[in-house]
Amino acid sequence: MSGLAWDAFARNLALAAAAALAVMLVTFAVAVRRGVHRVVDVAWGLAFTAVALVTWTASAGEGDTGRRALVTVLTSVWGLRLSWHIARRGRGHGEDPRYDALLAKAPGDRNRYALRKVYLLQGALVWLVSLPVQAAQYVRGGPAAFAWAGAVLWAAGMVFEAVGDAQLARFRADPAHRGRIMDRGLWRYTRHPNYFGDSCVWWGLFLLACAAPAPAAVSAVSPVVMTALLVKGSGKALLERHMGGRPGYAEYRARTSGFFPLPPRRRP
């Protein structure tokens, strides 16, 4: 019979919160030691991976084994790739300008301010956004169609995210492209293929929890919040404010879709 193992799922909410908090506190200690808070971006994917693995262990005997394995693997692959990419991209760089600007507002100790405004907040977001990862592992039975659809959507999102990141990295590595706007490959069809892909990943993980109405209802907030963050929060909106003054960006923005991949406009 399909449904959600409510008692076990409720206990898992506390375990997931503890896992996310532990990753963020360890990262905070590393950041204070190094004097650079940009390392919290690396912890974002690691925290989701920790939640998935803790839930996998805690849900043994509760949900469908195949679905549990699938959501754990998909979440971990996404989280570890993202953390690896961000760590490699930030190697050798100083503090991220976003965190410099934020910490400049600190009324007292900068590290304590960062703990409250960055690490604890991101830990809470990890817990909230990971709800489908948790709920899917406690689903008892249910149709497999949603799981297959979720896996396909997840895969499409991973392609956009990973390929977009790789194309941008190669473009930036070429000195001939210094000062130019990346408008090739996937970036020709959307200004943010990586953010679009990230959104697809989380809508795909949400579908894995849709085998029954209860877990679907519990998890619906996750992809909505993640997509809002990517479009209106620290993703697309923040990056475009930073890029807005660069030569050629206004023309690129006029001819290229802001989020969903679309053919370039012929007449901006």
- [ ] Step through it carefully: locate the ring centre of W202, locate the ring centre of W78, and say whether they are under 6.0 Å apart.
- [x] yes

Counting C-beta onward and ignoring hydrogens, is there a side-chain heavy-atom pair between [X] and [Y] closer than 4.5 Å?
{"X": "H37", "Y": "V118", "value": "no"}
{"X": "W44", "Y": "I86", "value": "no"}
{"X": "R255", "Y": "D183", "value": "yes"}
{"X": "L82", "Y": "L46", "value": "no"}

Open item on the list: Against F48, only a single residue in V129, V23, L205 fulfils side-chain contact (heavy atoms from CB on, under 4.5 Å); can you say which?
Closed with: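 Testing each of V129, V23, L205 against F48, the sole residue satisfying side-chain contact (heavy atoms from CB on, under 4.5 Å) is V129.
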
TODO: Sort out for me which residue in V40, D41, L102 forms a side-chain contact (heavy atoms from CB on, under 4.5 Å) with D96.
DONE: D41

TODO: Could you check L13 against L131 for side-chain contact (heavy atoms from CB on, under 4.5 Å), going step by step and ending with a plain yes or no?
DONE: CA-CA 8 Å; L13 292 175; L131 285 176; 3.7 Å; yes

Nearest atoms (heavy-atom pairs only) where [X] meets [Y]:
{"X": "T256", "Y": "R191", "result": "O-NH1, 2.7 Å"}
{"X": "R68", "Y": "S59", "result": "NE-OG, 2.7 Å"}
{"X": "R253", "Y": "R265", "result": "O-NH1, 3.7 Å"}
{"X": "Q167", "Y": "W187", "result": "OE1-CD1, 3.6 Å"}
{"X": "P247", "Y": "I181", "result": "O-CG1, 3.6 Å"}
{"X": "L128", "Y": "S222", "result": "O-CB, 4.2 Å"}

Same cluster for [X] and [Y] if Ile/Leu/Val/Met/Phe/Trp/Tyr side chains link at under 4.5 Å?
{"X": "V231", "Y": "L238", "answer": "no"}
{"X": "L74", "Y": "L80", "answer": "yes"}
{"X": "Y119", "Y": "V32", "answer": "yes"}
{"X": "Y249", "Y": "L239", "answer": "yes"}
{"X": "L120", "Y": "F28", "answer": "yes"}

Open item on the list: Test: salt bridge (Lys or Arg N to Asp or Glu O under 4.0 Å). Region: residues 70-93. Which pairs qualify, not counting sequence neighbours?
Closed with: R81-E161, R81-D165

TODO: Take the angle between the ring planes of F206 and W203 and call it parallel below 30°, perpendicular above 60°, tilted in between.
DONE: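 F206 vs W203 ring planes: perpendicular.
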
If you measure from [atom1] on [X] to [atom2] on [Y], what distance do you get to the nearest 0.5 Å?
{"X": "K232", "Y": "T227", "atom1": "NZ", "atom2": "OG1", "result": "12.5 Å"}
{"X": "T190", "Y": "F259", "atom1": "OG1", "atom2": "CZ", "result": "7.0 Å"}
{"X": "D109", "Y": "L103", "atom1": "CG", "atom2": "CG", "result": "10.0 Å"}
{"X": "F171", "Y": "M182", "atom1": "CZ", "atom2": "CE", "result": "6.5 Å"}
{"X": "M158", "Y": "D198", "atom1": "CE", "atom2": "CG", "result": "9.5 Å"}

Open item on the list: Closer than 3.5 angstrom, by distance alone: can the side chain of Q137 be matched with the main-chain N or O of W56 as a donor-acceptor pair?
Closed with: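 The answer is yes, because a donor-acceptor pair under 3.5 Å joins these two groups.
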
Open item on the list: Would the distance check show the side chain of R67 and the main-chain N or O of L208 forming a donor-acceptor pair, the cut-off being under 3.5 Å?
Closed with: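 Side chain of R67 to backbone of L208: a pair is present.
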
TODO: Might you confirm whether atom CG of D7 has over 12 heavy atoms from other residues, nucleotides or ligands at distances under 6.0 Å?
DONE: no

